[in-house]
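Notes follow once the structure below has been shown.
Throughout, a chain's letter reflects where its sequence line sits, starting with A, and its residues are numbered from 1.
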Amino acid sequence: MEWEKHLNKQQLKAVTTPSQYVRVIAGAGSGKTRVLTYRLAYLIKEFGAAPWRTLAITFTNKAAKEMQERTMSLLPGNEGNLNVMTFHSFCARFLREEAQLIGYPRNFTIYDEDDQQRLIKSIVTRYGYKKNDKIVGEALRFIGMLKTDGLYPDDIDLRKYPYIPDRKTLLEIWKDYETALNNAFALDFDDLLAKVRLILINNEETRTKWQNRFDHILIDEFQDTNDVQYDLVENLLKSTTNLYVVGDPDQTIYTWRGANQDILTKMERQFPSVETIILNRNYRSTQNILSAANKLIAHNKDRIKKDLYTEAGSGEKIVQNNALTDRSEAEWVAQELMALKISEPGFSYRDVAILYRSAYLTAPIERVFMTKRIPYVVYGGIRFYARAEVKDVVAYWRMLVNRKDDVAFTRIINTPKRGIGDKTLATLVSEARKQEYSLYEYILYLEDDAPTDLRPNAKRILKDLVLIMESYRERIEAGLEAPSEVANEYIEKVGYYKYLKEDEERGEERLENVAQLIQELYAALKEGQFTTFAEYIQNVTMYTSQDEMGNEDRVTLMTVHVAKGLEYPYVFIIGLNDGVFPNHRSLDGGLEALEEERRLAYVAFTRAQKRLYLSCSNEYSYVLSNRKQPSPFFKEAGLEFPRFSSRFEFGRRYELPTKESDGGETRDFFAEPSEVADWQIGDLAQHRVFGRGIVKKIIDNTILEIKFDDYGIKKIMANHHAVEKIVLEGDLS
DNA sequence: GAGGCAGTAATTTTT
DNA sequence: TTACTGCCTC
Ligand SMILES: Nc1ncnc2c1ncn2[C@@H]1O[C@H](COP(=O)(O)OP(=O)(O)OP(=O)(O)O)[C@@H](O)[C@H]1O
């Protein structure tokens with residue numbers, strides 16, 4: 001193999017270096033993932049490394065699959081096992097093997113965020129809170145914050161958190177949460193990492209065993225590694241193990257999940273002999289795109305300067321748009337797509353990605369695409385595996401594998417509706433608790449004549465349900481029939497298909513999703529990706545948005561986080577508004593948070609290969625209680641604020657009150673020209689915030705100057721939803 | 001216990 | 001705009 005044909009000089013050096021500890025630091029699109037893939041192949045082919053003694057960590061399952069395939073294609077004639085997987089899958093596998101160390105069976109259940117939330121809800125009701133009390137969110141955040149650092153309740157000294165109002169209760173809830181997880185043989189995502197870390201640190205025998213398994217550990221997207229993951233890796237290293245990491249500190253976008261921005265520096269401190277290799281040629285984007293991205297990220301203070309260049313030529317200009325409304329923003333995107341389709345030979349929809357800060361921003365785009373029949377798929381927000389129907393079915397399946405999984409059982413106990421309501425459930429929960437049984441076990445072992453407060457009818461319904469589940473559990477365990485067949489028949493038997501068919505609006509789509517899930521179960525077992533039904537069920541929870549991506553000819557809509565590591569010829573970034581991107585809530589976190597938003601924008605910009613479209617809108621925002629302004633990122637990227645682009649959009653400049661609203665600072669503002677004919681000087685007005693007032697002046701027929709009883713004179717948009725004319729009854733004189 | 005309606009409150013990112 | 005609660009009726 002002529003390695004130098006596929007790699008530039010720096011890349012070649014990175015791939016072939018004999019150093020034991022290596023870090024490759026490089027900007028977006030410089031071939032980091034490519035280098036890691038070639039390195040893996042190179043180690044096996046030229047260094048004679050044993051494929052099964054290498055461990056490569058990627059950020060998503062999809063990236064793992066691609067790297068696996070890519071590496072194998074570089075190694076013709078070689079087959080066998082490469083260990084390419086995410087941290088979480090690695091830990092799940094580890095714990096499957098070492099389950100007895102935590103007192104769990106191999107077929108433990110992995111709880112996702114939704115399961116966690118349900119569990120917390122059931123716990124807080126025991127404290128007298130309502131199921132939807134805000135304590136639920138607080139508890140999830142509290143637990144998440146500490147658990148991502150690898151901590152457990154016993155490690156907590158509450159005096160360190162005086163600023164958290166309900167800390168005492170929260171800690172109690174957390175303890176109950178841990179007990180509930182234990183009783184259910186369940187682990188949440190943080191447990192996967194934290195438990196493995198603790199085992200490796202505390203159990204020498206196991207540590208040695210695992211240290212002896214790998215000669216080479218390689219990590220992609222290292223900049224988003226957190227300290228627990230880092231510890232974990234460190235404990236997998238013996239003195240001769242090789243460690244190879246690649247990353248771009250400017251692309252750290254998961255600090256809110258514990259990623260440590262300084263992790264690359266930390267590594268250098270820990271391994272002073274580390275060889276650092278810098279790649280600075282970008283192979284992905286045109287100069288125009290790259291320049292904008294470089295200028296933008298240069299505004300971050302807390303960073304190591306890197307100079308990325310490209311030989312691709314300046315390419316096309318960045319296209320900008322400032323739309324009047326969210327709807328016209330979406331229409332503009334559709335128009336541009338149509339234009340591309342006509343003007344670009346060989347264009348296909350799959351070449352296009354539409355990126356945004358938050359999932360809710362897709363709504364107008366979806367509506368417009370639907371009417372214009374532009375094919376699209378949405379990723380991020382709700383993952384396929386997080387959809388209600390998919391989770392329902394998986395919850396049914398989970399009961400076949402783990403009878404202690406109360407969260408799953410509670411989920412499906414009345415789906416489809418069986419007449420089991422909150423009352424019956426509460427009775428069941430308390431009786432099962434007394435006997436120290438899970439809900440399922442309690443029902444299963446409940447004798448006909450045993451005393452119970454369950455209604456006879458409810459008792460019969462539950463018993464029938466559990467007996468059905470038992471029979472399918474036995475069939476799956478016997479392993480004589482194809483699991484996908486049994487699993488499918490089971491879903492029919494519990495009445496779930498009938499339930500979906502009754503959903504007139506979305507029934508068909510939901511049935512299709514379930515069919516797809518069953519197809520995937522079938523394929524995963526057939527291809528040997530997982531060996532047992534139980535293992536598949538365990539891993540389904542960790543599937544990500546990227547894992548769902550197919551190759552259909554459709555436009556891809558996704559959050560920037562989901563787009564990490566991907567590239568597209570044409571990229572639209574929509575909703576590039578102040579307060580949206582950067583997100584106003586994240587800005588509470590101060591400068592650091594703003595810098596992360598900027599990195600996120602940097603990631604977004606650098607997904608584009610040929611042409612980048614940046615767009616914002618002036619729609620009224622209920623959250624900001626103002627019309628949206630273009631994002632500061634435009635200017636920071638060296639671009640002018642975008643001008644209106646569509647033919648209806650002839651904005652005018654208005655003077656508007658700022659937040660504190662004494663007419664203060666003047667802002668450039670475009671507003672929808674609107675008729676305000678029904679306002680007259682002297683009219684009485686009612687404002688949601690300022691209360692009652694009288695109209696003193698009308699400016700440009702659009703702005704009212706109102707003197708409020710309690711707040712003095714304010715200038716208000718006449719068409720603003722918060723202001724209303726008071727019509728006095730009978731006042732027609 | 002289920003379903004429908006009206007009024008109110010508030011929109012981050014995910015393994 | 002939407003999504004979610006609380007309240008009402010069957
Ligand atoms: N030496 C090379 N010759 C040709 N193409 C290359 C070369 N190096 C990288 N590329 C191409 O550049 C693109 C970006 O590479 P890659 O995804 O590995 O970059 P990256 O640094 O991992 O990006 P990101 O920072 O966005 O994750 C890919 O399409 C890759 O095939």
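- Under 4.0 angstrom from either OP1 or OP2 of B:dT12 there lies at least one side-chain N or O belonging to A:Arg585.
- Evaluation of A:Tyr622 against the base of C:dT1 yields a stacking contact (centre distance < 5.5 Å, interplanar angle < 30°).
- Where A:Glu597 and A:Phe87 meet DNA chain B, the nucleotide closest to each residue was compared, and A:Glu597 sits on the side nearer the 5' end.
- Dashed line: the shortest gap from a side-chain N or O of A:Arg455 to OP1 or OP2 of B:dG1 is under 4.0 Å.
- A distance of 7.0 Å separates CZ of A:Arg118 from NZ of A:Lys391, quoted to the nearest 0.5 Å.
- Both geometric conditions, a ring-centre gap below 5.5 Å and a plane tilt below 30°, are fulfilled for A:Trp256 over the base of B:dT13.
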Q: Verify side chain to side chain donor-acceptor pair (under 3.5 Å) between A:Glu329 and A:Ser615, making sure each step is shown before the conclusion.
A: CA-CA 7 Å; A:Glu329 180 178 27; A:Ser615 162; 2.6 Å; yes
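- Here the nucleotide nearest the side chain of A:His561, chosen from B:dG3, B:dT13, B:dT12, is B:dT13.
- In this structure, A:Arg367 reaches the C:dT2 phosphate: one of its side-chain N or O atoms is under 4.0 Å from OP1 or OP2.
- Between C:dT5 and B:dT12, the distance separating the two P atoms is 15 Å to the nearest Å.
- The CG atom of A:Asn457 sits 12 Å away from the C1' atom of B:dG1 (whole-angstrom rounding).
- Comparing A:Thr424 and A:Ser586 against DNA chain B, the residue whose closest nucleotide sits nearer the 5' end is A:Thr424.
- Between A:Tyr254 and A:Phe59, the distance from one ring center to the other falls under 6.0 angstrom.
- Checked against side-chain contact (heavy atoms from CB on, under 4.5 Å), A:Ala604 has the following partners two or more places apart in sequence or in another chain: A:Leu355, A:Val560, A:Ile573.
- Relative to the side chain of A:Glu113, the nucleotides B:dT11, B:dT13, B:dT15 differ in distance, and B:dT15 lies closest.
- Counting to the nearest Å, the P atom of B:dT12 and the NE2 atom of A:His584 are 7 Å from each other.
- Here B:dT13 presents its P atom at 20 Å from CG of A:Asn226, a figure rounded to the nearest Å.
- Between the C1' atom of B:dT13 and the CG atom of A:Asp112 lies a distance of 16 Å, rounded to the nearest Å.
- Two residues are said to be in side-chain contact when any heavy atoms from C-beta on lie closer than 4.5 Å; A:Val494 and A:Arg418 meet this criterion.
- Between A:Leu187 and A:Tyr104 there is a side-chain heavy-atom pair separated by less than 4.5 Å.
- Using a 4.0 Å heavy-atom distance criterion, A:Asp224 is classed as making no nucleic acid contact.
- Taken to the nearest 0.5 Å, the CG atom of A:Asp190 stands 8.5 Å off from the CG atom of A:Leu192.
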Dump the pairs, protein N or O against N or O of nucleotides 8-10 of chain C, anything under 3.5 Å, distances to one decimal.
none

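- If you take CZ of A:Phe222 and C1' of B:dT15, they are 17 Å apart, rounded to a whole angstrom.
- Separating the CG atom in A:Asn618 from the CG atom in A:Asn626 is a distance of 10.0 Å, to the nearest 0.5 Å.
- Taking the centre of each ring, A:Phe90 and A:Phe87 stay at or above the 6.0 Å mark.
- A donor-acceptor contact under 3.5 angstrom links the side chains of A:Arg455 and A:Thr424, judged on distance only.
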Check the interface with nucleotides 4-7 of chain B: list each N/O to N/O pair with the protein under 3.5 Å, or write none.
none

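- Residue A:Leu624 contributes atom CG, which lies 15 Å from atom C1' of B:dA9 at whole-angstrom precision.
- Rounding to whole angstrom units, CD1 of residue A:Ile365 and P of C:dT1 are separated by 17 Å.
- With rounding to whole Å, A:Leu425 atom CG is found 10 Å from B:dG1 atom P.
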